[in-house]
Structures are given as C-alpha cells and as structure tokens.
Amino acid sequence: MPLIEVRDLRKTYRSAVAVEHVDLDVHDGEIVGVLGPNGAGKTTTVECIAGLTRPDHGTVRVAGHVPWQDRRAVTRVLGVQLQSSGLQAKLTAREAVAMVAAFHDDPADPVELIERLGLRQVADARYAHLSGGQQQRLAIATALVGRPRVVLLDELTTGLDPEARRDTWQLVREVRDGGTTVVLVTHLMEEAQQLCDRIAVMAAGRVVAEGTPEQVVARSANSTVMSFTVPADVLAAAALSGLPGVGGVERRGDRLEVVGTDDGVLAVLHALQTRGVEPVGLRVSATTLDDAYLDLVRRQDAAPTLQESA
C-alpha cells in the first residue's frame with residue numbers, strides 16, 4: 001500500500017480548475033518530485049495531501065488516514081514546509097524550532113538541526129528580521145524536527161544561494177537515508193535530477209508524465225539533440241524543420257540545434273550529405289530532463305482545454 005495515495009483529485013476555486021483527475025502514489029523510502037510551471041496545480045495538490053485544503057472530488061490518504069478527517073493521526077507522521085510558513089514575526093529561530101519540537105514525542109535535537117541548516121548565527125534573531133533564504137531554511141527545520149515519516153517540501157531551495165542549495169540537497173538525502181519519505185515540489189530541473197527517484201510532471205492541473213527521470217525523458221517527443229555549425233547563407237533552418245523525426249530547429253548565430261528522434265538525426269545527416277553541407281562541430285546527445293519537461297508542458301499547453309474538447 002502506498003504511503004501517500006491520491007486518486008482522481010479535483011479542486012476548483014470559483015470557476016478556475018486548479019487540479020483535475022490527479023493520481024499520485026508515494027511509497028516508503030522514496031524521494032518523489034512534483035514538477036510543473038506556476039499555476040500547474042503543484043501546491044494545491046500538496047495542500048490537499050497535508051489536509052490544508054479539502055478537494056471537491058477524489059480521495060487522499062496518508063499512511064491510511066484521510067488528512068482533513070484524521071488531522072491528529074496525519075500530523076504524527078507528516079512534516080510540511082510550504083512557501084509561506086506562517087511563523088509569528090516575534091519568534092526567534094531557536095524558539096520556533098523548539099516550539100514545534102514540543103509537539104512531538106521523539107523530536108530531533110533543535111540545536112543540532114539549526115546548526116545543520118546554517119542558522120546558528122541567527123538562532124536568536126526574530127523571524128521578521130531573517131532574510132528570505134534564512135526564513136526558508138527555518139521552515140525546513142520546523143518540518144523536519146518532528147522526525148516525520150514523510151515530509152512535504154514545497155519549493156525547497158527558493159531564495160538559497162548555490163552553496164546553501166547544495167547543502168540542503170545533501171540534508172534531504174540524509175533525511176531519506178534516515179527513513180523519511182520525501183515529496184519535493186520544485187520547478188528546478190537540476191534539483192529533481194539530483195534528488196528524485198521518481199517525478200510527476202504537472203501542467204494545467206493534470207499529471208502529464210510520471211516515472212523515473214529517465215522514463216520521463218523517454219516520454220518526450222524529442223529524445224535526441226544534435227547541434228552543428230553551418231552559416232545561414234549555406235543552410236537555412238527551414239530546410240531541416242520539415243524532415244521526418246525532427247521536432248524543432250533553432251539557430252544561434254552560425255550554430256543550428258535540432259531536437260527530435262533518432263530517426264530525425266539520420267534524416268538530418270542524409271539531408272546535409274545530399275546538399276554537400278559539412279556539419280562542423282557535430283554533437284549528438286540525449287535530451288535532458290529540462291528539454292523533456294519543456295516539451296511535455298508545451299504539448300499540454302497546445303492541447304484543447306476541457307471546455308474546448310467537450
């Protein structure tokens with residue numbers, strides 16, 4: 001049985017559909033990423049899992065409990081870090097973590113956690129006086145101090161500098177290795193690639209792809225990227241864009257970048273040979289998660305809306 005089970009989730013705000021027919025499973029010991037652009041429904045989905053928002057339709061269970069009905073039972077197993085923490089402005093960082101720890105039977109050491117998250121120098125500063133990045137790290141500390149069985153991390157590293165971001169990634173790995181399952185909401189592809197065992201890509205309120213990062217890349221219509229240098233007066237991008245297996249062609253100065261399938265690569269090479277064009281600096285590589293994500297989201301944006309398809 002999944003630790004988190006979401007089935008046919010739907011939530012609307014007035015006439016706007018935030019999420020529609022969302023299914024998601026999270027199993028013990030996983031780091032699962034929920035990816036998508038702003039407005040894709042990521043935060044609404046997480047808020048329903050946390051019991052902070054009640055869906056209009058569908059079911060959500062966390063360790064067998066319905067979050068908005070069994071709030072006490074869910075609170076024992078679930079830690080939550082949202083984009084807005086809601087901590088009181090006058091609380092110090094030390095007080096905030098100690099206060100949350102007091103609600104749990106076997107909390108982590110607040111002092112050690114504050115140190116691990118780089119907050120020791122501001123432990124006695126009030127929340128209102130912390131920088132945005134420091135507030136973000138404090139929210140993470142309050143989510144983890146109860147040693148939750150599963151933790152929801154929404155935009156985990158927003159506002160953090162590169163060094164702090166990588167330190168936080170390492171903390172997430174350590175948390176998972178210590179037995180905590182992680183649901184990570186992010187729009188950073190590198191973060192998802194570095195941390196996640198599985199990812200769910202959301203767009204327009206739906207899950208449009210799910211699986212390991214490698215499986216999601218394979219779902220993309222464009223699985224291969226090739227690039228080479230050829231002057232515009234020798235070969236126009238339009239000459240390649242209609243070839244079988246070619247999903248798109250973009251020129252950057254004298255360099256052309258072609259995305260498509262493996263068949264598209266062969267078609268481009270054949271076209272170049274036929275025209276007597278030598279591709280200088282030819283490079284062929286697999287599509288990245290970033291490329292696949294953009295392709296999946298764009299395809300969803302181009303699809304008919306629910307009203308249009310009705």
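Under the salt bridge (Lys or Arg N to Asp or Glu O under 4.0 Å) criterion, R252 pairs with E250, E257, not counting sequence neighbours. Qualifying salt bridge (Lys or Arg N to Asp or Glu O under 4.0 Å) partners for R149, counting only residues two or more places apart in sequence or in other chains: D28. Residues satisfying the salt bridge (Lys or Arg N to Asp or Glu O under 4.0 Å) criterion with R7, sequence neighbours excluded, are E5, D25. Residues passing the salt bridge (Lys or Arg N to Asp or Glu O under 4.0 Å) test with E95, sequence neighbours excluded: none.
Residues I140 and L156 meet the side-chain proximity criterion, which asks for heavy atoms closer than 4.5 Å. Between Q134 and L119 the shortest side-chain heavy-atom distance falls below 4.5 Å. For the pair T53/W68, no side-chain contact is recorded, criterion being any heavy-atom separation below 4.5 Å from C-beta on. Side-chain contact check for V297 versus V208: every heavy-atom pair is 4.5 Å or farther apart.
Side-chain atoms of R198 never come within 3.5 Å of backbone atoms of I31 as a donor-acceptor pair (strictly under, hydrogens ignored). Judged by distance alone, the side chain of K11 and the main-chain N or O of V17 form no donor-acceptor pair under 3.5 Å. In this structure, the side chain of T142 engages the main chain of A139 through a donor-acceptor pair within 3.5 Å. A donor-acceptor pair under 3.5 Å links the side-chain atoms of K42 to the main chain of P37, judged by distance alone. Under a 3.5 Å cut-off, the side chain of R173 and the backbone N or O of L195 do not form any donor-acceptor pair. Of the possible polar contacts, none joining the T12 side chain to the S15 backbone as a donor-acceptor pair under 3.5 Å is found. Between the Q194 side chain and the E191 main chain, no donor and acceptor come within less than 3.5 Å of each other. Counting only distance, with no hydrogens or angles, the side chain of Q135 and the backbone of Y127 share a donor-acceptor pair below 3.5 Å. A donor-acceptor pair is defined here as one N or O able to donate and one able to accept, closer than 3.5 Å; no such pair exists between the side chain of T44 and the backbone of A18. No donor-acceptor pair under 3.5 Å is formed between the side chain of D8 and the backbone N or O of G58.
For the residue pair D254/T229, the side-chain donor-acceptor check at 3.5 Å is not satisfied. At a cut-off of 3.5 Å, with distance as the only test, no side-chain donor of D197 or T212 sits close to an acceptor on the other residue.
For R116 and D167, the salt-bridge test fails: no basic side-chain N is under 4.0 Å from an acidic carboxylate O.
Under a cut-off of 6.0 angstrom, the local environment of CD in Q88 is sparse, with at most 12 non-hydrogen atoms contributed by other residues, nucleotides or ligands.
Across H187, Q136, Q81, a single residue satisfies side-chain hydrogen bond (donor to acceptor under 3.5 Å, both in side chains) together with E155, and that is H187.
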Donor-acceptor pairs are to be reported for all side-chain atoms of residues 159-166 against protein atoms at under 3.5 Å, with residues two or more places apart or in another chain.
from: D161; atom 1: OD1; to: E163; atom 2: N; distance (Å): 3.1
from: D161; atom 1: OD1; to: A164; atom 2: N; distance (Å): 2.7
from: R165; atom 1: NH2; to: L160; atom 2: O; distance (Å): 3.1
from: R166; atom 1: NH2; to: E190; atom 2: OE2; distance (Å): 2.8

Between side-chain atoms of residues 277-284 and protein atoms elsewhere (two or more places apart, or another chain), which donor-acceptor pairs fall under 3.5 Å?
none

